[in-house]
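Heads up, the thing below is written out as structure tokens.
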Amino acid sequence: MNRRDFLKSIGILSIGISSQLLAGSRPKQPNILLILSDDHSLQTLGAYRSRMQKFIQKHKITPNIDKIAAQGVLFENSFVGNSICGPSRASILTGKHSHINGFRANGDRFNPDQWTVAKELQKANYQTAVIGKWHLASLPTGFDDYEILPGQGLYYNPDFISRGSSKLVQKQGYCSDIIGDMTIEWLDKKRDNSKPFFLCSWHKAPHRTWLPHPRHFNLLDGIDVPEPENLFDDYKGRTSSARRQEMTIRDNINIATDVKVTPPVATSSPEEIRHAAPKTKSQDGTTFEEFKRMTPDQRKAWDEYYVPRNEKFRAQNLKGKDLVRWKYQAYLKDYIKCVKAMDENVGRVMDYLKKNGLENDTIVIYSSDQGFYNGEHGWYDKRWMYEESLRNPLIVKWPKVTRPGARCKEMVQNIDYAPTILEAAGIKVPREVQGKSLLPLLKGKRPKNWRKSILYTYYGRGAHAVTSHRGVRNERYKLIEFHTKGEWEFYDLRKDPLEMNSDYNNPRYEKIISDMKQELKKLMAKYQLRIDPVSNS
Ligand code: CA
């Protein structure tokens, strides 16, 4: 009896079993750990060249993420397709731009029935889990386990929703530590040793309203964070959209909730908050919900740090640029402290992988859902196609595949993560996925036909009064169309890297602008983005 007859005789040539046999003959599938943070800028990540790189390195803010970069590939030109939390996550899961996966803006609901990378991995024998911030309105599908924050979640003693339970369960502690603990606990107790895993460890930090852990309150005491040279941008070099936004540190950051200049006697009374900050709009009450959640010890530590700081601030009676500078320092120091706690927890998870023999079989991806303004253009927040929020960090470590300390200059986007993960796992990428696998780049190759430009879309829904826009960026130039207003901006990034003066009306660039318009049209057709401005506004 030959092998085929033998298998036939015991009924093993059924489709299911033969595919398992085939799977057994494939090279071992790697584990995949996707660590995603929320709003982490390149400026506050030590491994990235930026205006604050030396400062961040000197004060050891991100040593653990920097270590992943030293062991893997850092993508110097990584961009998002739509710079906002939910849409970026939806693009990561689907490998598709917002207009295809349907999640255009926060407030939308992710269609849980659509194809995702998690579902495909699950079908291919992967054990899948997501822990931390989800923010897609519908509950996760394609994950064997999940423990997620409802909505934005809280920093102090937050609630979580777990698979199989409709109840919110409050966990004691600080959000980044809890997500670190839960990630390690999943690896330790829930992991099925017979399967490869796809584990998403998705942090809330350093999202607004930037509440640090008490162990970091005094970090950066007496130290000034470097100021960006365009902190006092007057927006004169751009169209009406940049002038009419509501995201400046000067006028829009909330002095109570964002900058923590809380009333002398802490309270959650809206009247007192208004009294403390008469000229600010209350956009987010998170801080005060957080106060209700704090334990007496947490609250005591909070008051010991912020109350004297606020007394000193009031006594100074700052005005004008001095007040902006003070708010800039206060905001950014809290933001950096939140990055620090998140980085510490990335380090703990990396240590666990190493100590438990998982390091060599695990691809580690570190990314953030977008970049962020740390005072550049006078702003906080994201949304715009300008560099600080268009770019996001992307670092990938795959032992024996990625060269330690490698840097990749090719243009990549968050739609590329899903196909990359699938190809790394030896799974065919469905045709409808719009991103491209980064596998050749991870292996240090430079494919000749790699993309030379990227498409960007933002759907304005009122938040921070940022107008809808779309655009194209290549290695050197950027064209932005505020299509609902009929306004355009153009930048030669080599000449004007801070994007202070649009050259859209500069005759010197006429031909290049015309070519960029063609390129935008081409990309819109390629990615099936309809030209009708109304449907995309
Ligand atoms: Ca975000």
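Numbers here simply count residues along the sequence, with the first being 1. One-based numbering, in listed order, for ligands and for the atoms of each. Owing to the predicted nature of the structure, the values given are computational and were not obtained by experimental measurement.
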Which residues share a side chain to side chain contact (heavy atoms under 4.5 Å, CB included) with Glu432, sequence neighbours left out: Lys96, Pro430
Carboxylate-amine/guanidinium proximity below 4.0 Å for Glu147 and Lys171: yes
Residue Asp38 atom name (nearest to the Ca ion (ligand 1); N/O/S): OD1
Contact flag Ser368/the Ca ion (ligand 1), N/O/S atoms, threshold under 3.0 Å: no
Aromatic plane relationship, Trp384 with Phe482 - under 30° parallel, 30 to 60° tilted, over 60° perpendicular: perpendicular
Of all N/O/S atoms in Asp39, the name of the one nearest the Ca ion (ligand 1): OD1
Angle, OD1 of Asp369 through the Ca ion (ligand 1) to SG of Cys85 - 10° precision: 150°
Side chain to side chain donor-acceptor pair (under 3.5 Å) against Tyr491, all qualifying residues, sequence neighbours excluded: Glu489
